[in-house]
Structures are given as structure tokens and as C-alpha cells.
There are 2 protein chains.
Amino acid sequence: MAGRSEIDALIEMMAKLPGLGPRSARRAVLHLIRKRAVLLQPLAEQMETVARTARECLNCGSVGTSDICEICSDEARATGLLCVVEDVADLWAMERSGVFKGRYHVLGGTLSALDAIGPEELHIPKLLDRVAGEEIEEVILALNATIDGQTTAHYIADQLEGRVRLSSLAQGVPIGGELDYLDDGTITAALNARKSL
Amino acid sequence: MAGRSEIDALIEMMAKLPGLGPRSARRAVLHLIRKRAVLLQPLAEQMETVARTARECLNCGSVGTSDICEICSDEARATGLLCVVEDVADLWAMERSGVFKGRYHVLGGTLSALDAIGPEELHIPKLLDRVAGEEIEEVILALNATIDGQTTAHYIADQLEGRVRLSSLAQGVPIGGELDYLDDGTITAALNARKSL
């Protein structure tokens, strides 16, 4: 179907996005086409704007629209606290909680022997530079509680040992969590880190 | 976070697409930003192209990039067979099967008393016009096997009765389907429409 090729090309591109497949891409594109003036055109323009302006923060590795992101350039957040996260989605999750008022360092992934990702492929050298150069008192390792995340946390802890105070997020029962639905590892961690009342 | 607002605006727009929510929209946008030169920019341009060129076929209600879609303007498909579907996604599903060589009529939805959708809100008057004006021998009602779909099929059948040969898709066990996983309605339909061997 020659004349539908532009629409097919769009569906194909959308289908490659994480979380979408061919079927949901078709549904999304049809939805956009039905409301092309109020949805598709503005979405195209917004993507164009972001493609033109988005960049990685030269300091922390987060994404924003300037060379130094808002968090890094926010003087109110110069607290000497540095939170290390795997990727920008994790930084956004921390920000949504609204409780952390320090700055971040985004690694851009985790160490992985299988995928041949070593410290140089991540922003680990830059992290060591920052700890050496900025007035950082404490580094919070907020990596995911996965094997790769914890391996990476251990590696960074080794590198920074003795140079700065180190901490990691507490592990335990999530708020609202029911024991019956938790895995053994979480229960073990919660039990080992039990608090006296 | 002022400077992230362009990115936030894009996430908000993506989150409204069917099949996506806030979390998958964030993941998709981060993915696009990471590969903004090879993914985000081309996607923005393709959306712009589709927003500019996509239109509804004036004859059948499908979408394409010309006033009369390729199927309607394909002389090889002038077979006197007209397949009535609820929406463009259904037309695309029929086309993927590759077995139907007639033309289509896209209703744009189903009759629904609850949503105040009557025949005039759908392309039903246009369908009656086509049956009167084109040399159509058979109308295949390929509406979804839902209450609304079947109500709509009955309404159309009433309108067209005696004016053209009418048929509907067979109902029964899907290919590869296991009886144990089928609902009672499907089993009843398959039993009632059983074929002698």
C-alpha cells in the first residue's frame, strides 16, 4: 500500500519505543492521526524542540536543556551531599519523592562483565573527580537493589573508601508491602536491619 | 525544575497516548533523548509529515495520504464486495490477513445509546449511499463480536435488508484456541455453527 507508507513508517518508529510494540504503536498512531491538529502536530513540534535543546549535564550526567542542569546550578542545593544513581529515570524518581535536597551523579548504567561495561563506560571517573574537587561530605549510593546495581555500589565504595562518608539506601519492607508477597531476599534484609522500638 | 519543562511537557503529551502511562512515557522519552539524533529528530519529522499529509478517505473513511485512499482507488479491487468495519485498526487487521480483495467501509465506531452515538455520528448514511450508488453485490459485516458491535451490525442489516446480499464473519473457536480457555459464548457459537464432516 504505497500511499500509506508515511503512516507505516511512523508506526514502525513508534513500535521500537520501550513499552510499545507493533499493536500499541498502531493504536497510538491512529489516535494521533484522528486528532492530528490538536495532538500529532503539537507532539511533533515538542519532539523537535526537545531534540534541539536536550543535552546531558556536563557535571552530573542528567538530562536537561542546558550544559549544566538546574540541580547542579541550583545554589540552594550545594549541601555537600551527593546521591549516585544508575540513570536519569532513577534521579527523576528521587526528585518525585521531594525529600532529597543535595545533588546527583548519574552513572549511566551499571558495571557488567557480560556486556563489557567497565568503570570507563560509566561516569565513574567523573564521580571520583567530583569527590576530589567539590566539597562533598557524603556520597549516598542509591543504586538499584539488583545484582549489577549492588556490584557497582561495592566497586564505587571501594574506590571512595576513606575519602568521603558513604551510605546506601535502606533495604526492607516497602511502605504498604505485605510480607506474603515479598521475596525472601527482601524479608531477610528487613530482618537483618530490624530496628529496636 | 524550570529548565526541564520542555522535557516534562513532552513526557506529559506522550503519557496521554493509548497504551502509555506516565512511567512508560518517561522511559520512552529518556530513550529518545539518549538517541536524539538517530531517533527523536527523525520521529519528530515523521510525525510532522504525517500530521501534514494524513487525511480521511472521503469514500470509505479509512486514513491515508490522499482524499481517496489506495484501496478505494485500486481498480483491481472493484469486486462488488464491501467489508464494513468499526475502525481503521480493524481494516488494517483484515489487510494483514491478505485474504480480502474487495473494498472497505469504516464506520468510525459503533452505535451506543450510553455515549449518545447514533447512525448520524457514524458513517452509516454514507454506507447506505454507497450501497445505492456503487455496484455492490455483497456487504460483509466484519464488526467486533461485542455487544455494541453486534447491535450495530443488526441495525445496518435492518437498513440494507433486501437491497444487497448480507453476510457476517463466522464465529467459533480461534485457530490454535483451546476449549478450556474459551468463554461460554464462543463455545456456544462454535457449537451452534458446527460443520458436518
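Below, each value reflects all heavy atoms present in this structure, side chains not excepted, and no hydrogens, waters or symmetry copies. Lettering follows sequence order; numbering is per chain, from 1. Keep in mind it's a predicted model, so treat the numbers as computed, not measured.
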Exercise. Which answer fits B:Leu30, side chain, backbone, both or neither, if we ask what part of it has an atom under 4.5 Å from a heavy atom of chain A?
Worked result: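 Contact with chain A is through the side chain of B:Leu30 alone.
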
Problem set entry | Proximity breakdown for B:Asp87 and chain A, heavy-atom pairs closer than 4.5 Å |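 Just its side chain gets close to chain A.
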
Exercise. For chain B, which residues of residues 35-55 of chain A have at least one non-hydrogen atom nearer than 4.5 Å to it?
Worked result: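 Within residues 35-55 of chain A, the residues under 4.5 Å from chain B are A:Arg36, A:Leu40, A:Gln41, A:Pro42, A:Leu43, A:Ala44, A:Gln46, A:Met47, A:Glu48, A:Thr49, A:Val50, A:Ala51, A:Ala54, A:Arg55.
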
For this session: Quick one: which of A:Pro18, A:Gly19, A:Ser24 has the most heavy-atom pairs under 4.5 Å with chain B, could you say?
Result: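 Most pairs with chain B among the choices: A:Pro18.
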
Within the supplied structure, the quantity of interest is the number of heavy atoms (other residues, nucleotides, ligands) at a distance under 6.0 Å from [X] [atom1]; does it exceed 12?
{"X": "B:Arg27", "atom1": "CZ", "result": "no"}
{"X": "B:Asp158", "atom1": "CG", "result": "yes"}
{"X": "B:Asp184", "atom1": "CG", "result": "no"}

Do [X] and [Y] share a hydrophobic cluster (ILVMFWY, side-chain heavy atoms under 4.5 Å, transitive)?
{"X": "A:Leu128", "Y": "A:Leu141", "result": "yes"}
{"X": "B:Val88", "Y": "B:Ile140", "result": "yes"}
{"X": "A:Ile124", "Y": "A:Val164", "result": "yes"}

Exercise. Listed by chain and number, what are the salt bridge (Lys or Arg N to Asp or Glu O under 4.0 Å) partners of A:Arg163, not counting sequence neighbours?
Worked result: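 Listed in chain order: nothing, the list is empty.
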
Problem set entry | salt bridge (Lys or Arg N to Asp or Glu O under 4.0 Å) partners for B:Glu138, two or more places apart |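 With sequence neighbours excluded, B:Glu138 shows a salt bridge (Lys or Arg N to Asp or Glu O under 4.0 Å) to B:Arg165, given in chain and number order.
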
Problem set entry | Between CH2 on residue A:Trp92 and CD1 on residue B:Ile11, distance to nearest 0.5 Å |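 The distance works out to 3.5 Å.
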
Exercise. Just how far is it from atom CG of B:Leu20 to atom CG of A:Leu20, taken to the nearest 0.5 Å?
Worked result: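 Rounded to the nearest 0.5 Å, the CG-CG separation comes out at 4.5 Å.
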
Identify each donor-acceptor pair in which a side-chain atom of residues 144-151 of chain B lies under 3.5 Å from a protein atom, sequence neighbours left out, and give them as a table.
| from | atom 1 | to | atom 2 | distance (Å) |
| --- | --- | --- | --- | --- |
| B:Asn144 | ND2 | B:Glu86 | OE1 | 3.1 |
| B:Asn144 | ND2 | B:Glu86 | OE2 | 3.4 |
| B:Thr146 | OG1 | B:Gly149 | N | 3.1 |
| B:Gln150 | NE2 | B:Asn144 | O | 3.0 |
| B:Thr151 | OG1 | B:Ile147 | O | 2.7 |

Exercise. Which atoms of A:Ile33 come close to chain B, meaning under 4.5 Å heavy atom to heavy atom: side chain ones, backbone ones, both, or neither?
Worked result: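 The side chain, not the backbone.
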
